[in-house]
Number of protein chains: 2
Amino acid sequence: MKRKVTLKQIAKELDVSISTVSKALRNSIEISEDTRQKVQAFAKLYNYRPNNIALSLKNRKTKTIGIIIPEIVHHFFSKVITGIELVANKRGYNVIVGLSNESFDKEVINMQMLANGSIDGFILSIAKETLQQQDYHHFTETINQGMPIVMFDRVVNEIPCDKVIVDDVKGAKKAVEKLIANDCKNIAIITTKDYVSVGKLRTQGYLEALEDHKINPKASLILKIEDKLLSDDHLDNLENEIEQLFKANKSIDGIFAVNELYAVTAIKLARKLGLEIPKSLQVVSFSDGVLSKHSTPSLTTISQHGQQIGEKAADLLINRLELDETDDEEEEVYETVVIETDLIERESTK
Amino acid sequence: MKRKVTLKQIAKELDVSISTVSKALRNSIEISEDTRQKVQAFAKLYNYRPNNIALSLKNRKTKTIGIIIPEIVHHFFSKVITGIELVANKRGYNVIVGLSNESFDKEVINMQMLANGSIDGFILSIAKETLQQQDYHHFTETINQGMPIVMFDRVVNEIPCDKVIVDDVKGAKKAVEKLIANDCKNIAIITTKDYVSVGKLRTQGYLEALEDHKINPKASLILKIEDKLLSDDHLDNLENEIEQLFKANKSIDGIFAVNELYAVTAIKLARKLGLEIPKSLQVVSFSDGVLSKHSTPSLTTISQHGQQIGEKAADLLINRLELDETDDEEEEVYETVVIETDLIERESTK
DNA sequence: TTACAAAGCGAAAACGTTTTCGTGTTAAAA
DNA sequence: TTTTAACACGAAAACGTTTTCGCTTTGTAA
């Protein structure tokens, strides 16, 4: 077991100074062709690689991006990570992941663990608990210490940072308009409680679409689910609530669900109650995961392009990091990028 | 924008030495109660946190674990990460993620990026391309440099490291035995080509189960899919091959699929051909993802307990890291932990 | 009063780099 | 022969810690 070789060891071995070795390896013109070759050969032989930590300390930057997300077992978030990792690697950065598990405390702790020099900047999506408590001091503090943040999907406007979001309102409108165009007359929405920002926005899109087509929204067609972590209890509860919805509103012929799970659950119960998809009930869902594509019937969805969101977020962050390097203190101006959604038609609509 | 405060700044501000500040903060008895309080108050005021990178350099360990997995948009792998992150955080470690995207080159590059001091050890699952090429030099080199590796799920025996695997053979046997017990007479398997180790092992389990019950395996009932990354082309191809399988073997009444996707695709095509699930065709699948639970009919599966695998892998790695600290060179003896699978019965079997 | 121990603190090294600046040697120009 | 410039290299600082060791001051015992 040979430990990693350092400049110092090479220097001693070759009887030159550390500086000489360093310069030789970086092809400095200060070093004679002769010693340069000798050093490089030796370095290659012993498979020398500069120690990243030492470089980070010296350069005061780590070339590492911290990601904080609520959970990773989630198609959307893992797609985003894929996107982040893709451009991060391409631009010479690594990616370190922290999970908040939707908890405020874990979000704070994770950020503190990483903010002490381990990373150059954050890409994150806010935990539900944080959104509920509306306590954002850990974000502002991080930013005040000069560490840039890029938020995606679940964002809050008052934080000064770049943001990448999907146009939830517009996406929801697209979904509902599809149902309207397909002759649905009684369109229900299955959404989350309002404190989840995307749930609120999608509900808003639903209402706007109805309004645009002179349809009066009916409160009984709006089902807001308490969106706890997906325990089995929660699933039972979800099924009950949806079943009530159908039983209380026999005329429902269209459903807009704010996520896949709500959609497939609705379909399952609708079938149990004798409805045929898409003949007597059409369904459109937000979020474009594996369920949409592979369940039967496959779901017509509003695709969020998670990977693209990740790529954009990473580019924004790295751009800012590498811009900060050159000109120091200009007035910071932050960008909010909106990633357009697409309607992907599958079997759950006519 | 106040930069992060360092020991040096505190020292200057309070007109003491850096050493004094450091000791005061760590409650050394060398320091008088008086100055200790002064320093600690000042540090708290300015929200001092030791710089992680500097600590890493000094201690020659980073308290960070590197994970290399083929892809992250995958229920099993993200479950494993959840498990790793859980125990890593609990034990004071961070987690840095690299994706190989099933490519040998990306696997090597990612490992090199991280092995230069950024992390203390690896947890990884081998890329398909690497398995195919059987080139494992990057693993042995890493280990030779004194950096421990824990492999999970896709492992190779000849590498000296701890491993966490599921008993694929036994799991597959459980699945097939369930079908046999449910009176299936013609059980087909949909699996991957043999170079994917888990595919091979599950096929072996299928054969063993048949043999145990004196059933002669029929080559025509064994469908081996070329398991490229899931492009849409690949999906079409998958459907074709499965359709051929059904058409050529009308008597199939049981299917064992090595993953969810194969299972739901098979169900979809079986229905198209007029088969009823589970009445005339029963299906059991490996892997316990979101499709199994929420598609209709839900799938009877062999659950792999991804999170548990991650937790175990992290514990093994950290144990080894913290053991290396104390007694240096004893004979390394490596462990292979087998995580038992469970049969989870749902609607796709009687 | 002298000697000595304890208390309180600082200097410096170490982790592994990069880079600036200084210095000695050699060859070319005066 | 003397001056100068180019060349090749080394010393040292810096990044932010922790820790060992040594030094000064004070109080106490002889």
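The basis for the numbers below is simple: all heavy atoms, side chains too, and nothing from hydrogens, waters or symmetry mates. All chains are named by letter (A, B, ...) in the order of the sequence lines, taking the proteins before the strands, and each is independently numbered beginning at 1.
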Classify the nucleic acid contact of B:Lys8 as base, sugar-phosphate or nothing, counting any heavy atom under 4.0 Å across all strands shown.
sugar-phosphate
Have a look at B:Arg49 and say if it touches a base, only the backbone sugar-phosphate, or nothing, with a 4.0 Å heavy-atom cut-off.
sugar-phosphate
Between C1' on D:dC15 and CG on A:Asn51, what's the gap in Å once rounded to a whole number?
13 Å
Quick check: on DNA chain C, is the nucleotide nearest A:Thr20 upstream (toward 5') of the one nearest B:Asn59, or the reverse? Name the residue that is more 5'.
B:Asn59
Taking atom types as they are modelled, is there a donor-acceptor pair under 3.5 Å from the base of C:dA11 to the side chain of B:Ser17?
no
Could you tell me the separation between the NZ atom of A:Lys23 and the P atom of D:dC7, rounded to a whole number of Å?
15 Å
Find the distance B:Ile10:CD1 to D:dT17:C1' and express it as a whole number of Å.
12 Å
Across the strands shown, which category fits A:Ser22 at heavy-atom distances under 4.0 angstrom: base, sugar-phosphate, nothing?
base
Measure the distance from CD1 on A:Ile53 to P on C:dA14 and round it to the nearest whole Å.
21 Å
What is the distance from CG of B:Leu57 to C1' of C:dA14, rounded to the nearest Å?
9 Å
Given D:dT17, D:dC15, D:dC21, identify the nucleotide with an atom nearest to the side chain of A:Lys58.
D:dC15
D:dA8 OP1/OP2 closer than 4.0 Å to side-chain N/O of A:Arg36
no
Expressed as a whole number of angstroms, how long is the span from A:Lys12:NZ to D:dC9:C1'?
20 Å
At 4.0 Å (heavy atoms only), tell me whether A:Thr35 reaches a base, stays on the sugar-phosphate, or touches nothing.
sugar-phosphate
D:dT17, OP1 or OP2 - any side-chain N/O from B:Arg26 closer than 4.0 Å?
no
Assess whether a salt bridge exists between B:Glu85 and A:Lys106, defined as any Lys/Arg side-chain N lying under 4.0 Å from an Asp/Glu carboxylate O.
yes
With heavy atoms under 4.0 Å as the rule, sort A:Leu7 into base, sugar-phosphate or nothing.
base
Rounded to whole Å, how long is the line connecting atom CG of A:Leu55 with atom P of C:dG16?
12 Å
With a non-hydrogen cut-off below 4.0 angstrom, is B:Thr6 in contact with a base, only sugar-phosphate, or nothing?
sugar-phosphate
Provide, to the nearest angstrom, the distance between the CD1 atom belonging to B:Ile18 and the P atom belonging to D:dT20.
17 Å
Would you indicate what A:Ser19 reaches in the nucleic acid, counting non-hydrogen atoms under 4.0 angstrom: base, sugar-phosphate, or nothing?
base
OP1, OP2 of C:dG16 versus side-chain N and O of B:Arg60: anything below 4.0 Å?
yes
Greater than 12 external heavy atoms within 6.0 Å of B:Ile29's CD1
no
Short N-O contact, B:Glu322 and B:Arg91, less than 4.0 angstrom
yes
